[in-house]
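Below, all heavy atoms of this structure are taken into account, side chains as well, without hydrogens, waters or symmetry copies.
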Amino acid sequence: MSEVDVAEAAGLTTGAVARRLGVSPTTLRSWDRRYGLGPASRSQGRHRRWSPQDVAMVEEMCRLAATGVAPAEAARVARSTHGEGAPPAATVPAAPASAPAPEPVRPPETAGRRGGAGGGLPLGDVRQECRGLARAAVRLDAPELESRLLDAVRQHGLTTAWEEVMVPTLRAVGRKWESSGDRYVEVEHLLSWQISTALRRAPLVLPRPTDVTGTEPVVLACAPGEQHSLPLEALDAALAELGVPTRMLGAAVPVEALLACVRRTGAVAVVLWAQTRSTASGPLARHVAGLQWGPSGARRRPFVLPAGPGWDRRAAGDFPRCGGLRDAVRTLGGLYCVEGASRSTRRG
């Protein structure tokens with residue numbers, strides 16, 4: 001028998017169960033006091049020891065709570081399904097053929113709910129979807145993250161899903177990382193990757209837009225040296241939701257590569273993303289805005305939109321200020337006279 005098997009047979013400690021589920025030990029003790037979701041046995045020193053059946057019970061509690069089921073109801077279902085005295089799965093009697101199938105437990109609508117636990121992350125007052133997303137992130141549950149992220153995009157649209165579900169959860173992970181030394185780095189990396197993947201897959205779950213035909217694209221590029229491209233990916237996906245053509249160049253785009261892309265595509269607009277002051281370059285923005293092409297007498301220039309927190313008033317100069325994803329989508333969609341651009345930014 002392996003050491004893991006021996007530990008399982010002896011029962012897990014509360015701390016070990018908390019780490020496995022992505023909740024705090026305090027939460028487990030609270031569930032025990034309030035709902036009776038505690039271990040059936042204790043060691044001689046009165047320490048809690050969780051059997052596999054006990055763990056399955058609180059796993060079910062986590063799953064139901066993450067979908068928005070009220071804690072008391074989630075606990076009742078978890079106890080009846082996995083608690084002491086619940087029949088083993090193999091011995092559950094089948095319902096008579098003439099009996100109607102039992103009604104499944106259905107979670108309430110969660111779009112506007114606030115509060116609840118979030119896997120130990122400092123979420124604050126956020127949408128209920130953030131709680132389930134945080135729990136899945138702490139558990140490193142990639143399939144659950146993918147499912148929840150795409151559900152949020154499908155239900156609320158790209159802009160609202162980004163601003164009210166993805167970003168608050170990312171910020172909570174970042175705060176936890178900063179306050180915990182090197183812990184939670186893996187959580188932040190996995191969540192960022194899954195969000196990036198969901199943004200690229202968003203067109204598969206959103207209604208297909210009417211593409212803007214016969215027009216040049218918006219070029220999206222991070223400033224030279226800028227590695228934070230996730231917000232730019234969100235803008236790319238939000239513009240795709242409207243049918244606006246884009247060319248995404250991604251992180252740390254060299255100056256010559258950016259200029260070549262703008263000239264070759266005849267870009268209608270260029271978005272320059274800078275996360276920090278050190279990467280925001282006013283001279284680069286002015287140089288891009290000064291590019292010209294086309295026949296004599298009909299020369300065109302790109303509209304340049306500096307975006308990101310690195311662009312303070314001094315760096316941005318006379319360029320339009322971008323207040324966030326909604327503002328950028330509204331501004332760029334307006335260049336194409338896209339019908340429904342304003343409506344898209346109000347979804348959710």
Side-chain angles (χ1 to χ4, degrees), residues 17-28 30-31 34-35 37 55-78 81-82 104-177 184 186-199 201-202 205-206 230 234 347-348:
V17 175
R19 288 190 295 272
R20 174 179 294 191
L21 300 181
V23 300
S24 68
T26 301
T27 297
L28 290 178
S30 174
W31 287 352
R34 294 183 180 183
Y35 310 120
L37 298 183
V55 175
M57 181 171 59
V58 289
E59 282 180 336
E60 181 71 1
M61 173 71 174
C62 287
R63 186 187 70 80
L64 292 171
T67 62
V69 176
E73 177 64 11
R76 185 190 66 77
V77 174
T81 307
H82 299 285
V105 176
R106 298 184 183 275
E109 294 295 325
T110 60
R113 290 190 58 192
R114 306 277 174 166
L121 299 180
L123 285 165
D125 184 25
V126 294
R127 283 183 177 269
Q128 183 68 26
E129 291 97 328
C130 298
R131 310 290 174 182
L133 199 63
R135 289 182 183 278
V138 172
R139 294 197 306 268
L140 302 180
D141 189 341
E144 182 71 8
L145 283 173
E146 178 182 355
S147 174
R148 289 183 175 278
L149 287 167
L150 291 178
D151 282 347
V153 171
R154 186 184 297 109
Q155 181 176 357
H156 303 300
L158 199 290
T159 302
T160 298
W162 168 257
E163 291 185 340
E164 300 187 20
V165 179
M166 300 177 190
V167 170
T169 310
L170 273 171
R171 287 175 176 168
V173 172
R175 289 193 294 268
K176 190 70 172 180
W177 178 9
Y184 288 89
E186 72 285 359
V187 176
E188 194 270 345
H189 280 226
L190 179 64
L191 180 59
S192 295
W193 173 254
Q194 291 298 145
I195 288 177
S196 178
T197 301
L199 293 173
R201 293 179 179 174
V205 302
L206 291 170
L230 196 57
R347 289 179 64 182

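- Here the side chains of V153 and M166 are in contact, with some heavy-atom distance below 4.5 Å.
- To the nearest 0.5 angstrom, R135 atom CZ is 13.0 Å from C130 atom SG.
- In terms of the salt bridge (Lys or Arg N to Asp or Glu O under 4.0 Å) criterion, R34 has no residue partners (sequence neighbours excluded).
- Expressed to the nearest 0.5 Å, how far CZ of R76 lies from OG1 of T81 amounts to 8.5 Å.
- Counting only heavy atoms from C-beta outward, the side chains of T169 and I195 never approach each other to under 4.5 Å.
- Ion pairing between a basic and an acidic side chain is recognised when a charged N comes within 4.0 Å of a carboxylate O; E144 and R139 show no such pairing.
- Checked for salt-bridge contact, D151 and R154 meet the test: a charged N lies under 4.0 Å from a carboxylate O.
- In this structure S147 satisfies the side chain to side chain donor-acceptor pair (under 3.5 Å) test with no other residue, sequence neighbours excluded.
- Between R201 atom CZ and E146 atom CD the span is 4.0 Å, to the nearest 0.5 Å.
- When the side-chain contact (heavy atoms from CB on, under 4.5 Å) test is applied to A198, the partners found at least two apart in sequence or on another chain are L149, L150.
- Considering only residues two or more places apart in sequence or on other chains, A234 meets the side-chain contact (heavy atoms from CB on, under 4.5 Å) condition with W162, L199, L325.
- For M61 against A78, the heavy-atom pair with the smallest separation is N-CB, 4.0 Å.
- Here the closest heavy-atom approach between residue L140 and residue L190 is recorded as CA-CD2, 3.5 Å.
- In this structure, Y35 OH and M57 CE are separated by 13.5 Å, a value rounded to the nearest 0.5 Å.
- Of all heavy-atom pairs between L230 and S192, the closest is CD1-O, 4.1 Å.
- Not a single salt bridge (Lys or Arg N to Asp or Glu O under 4.0 Å) links E59 to another residue, sequence neighbours left out.
- Residues A137 and L145 come closest through the heavy atom pair N-CD2, 3.7 Å.
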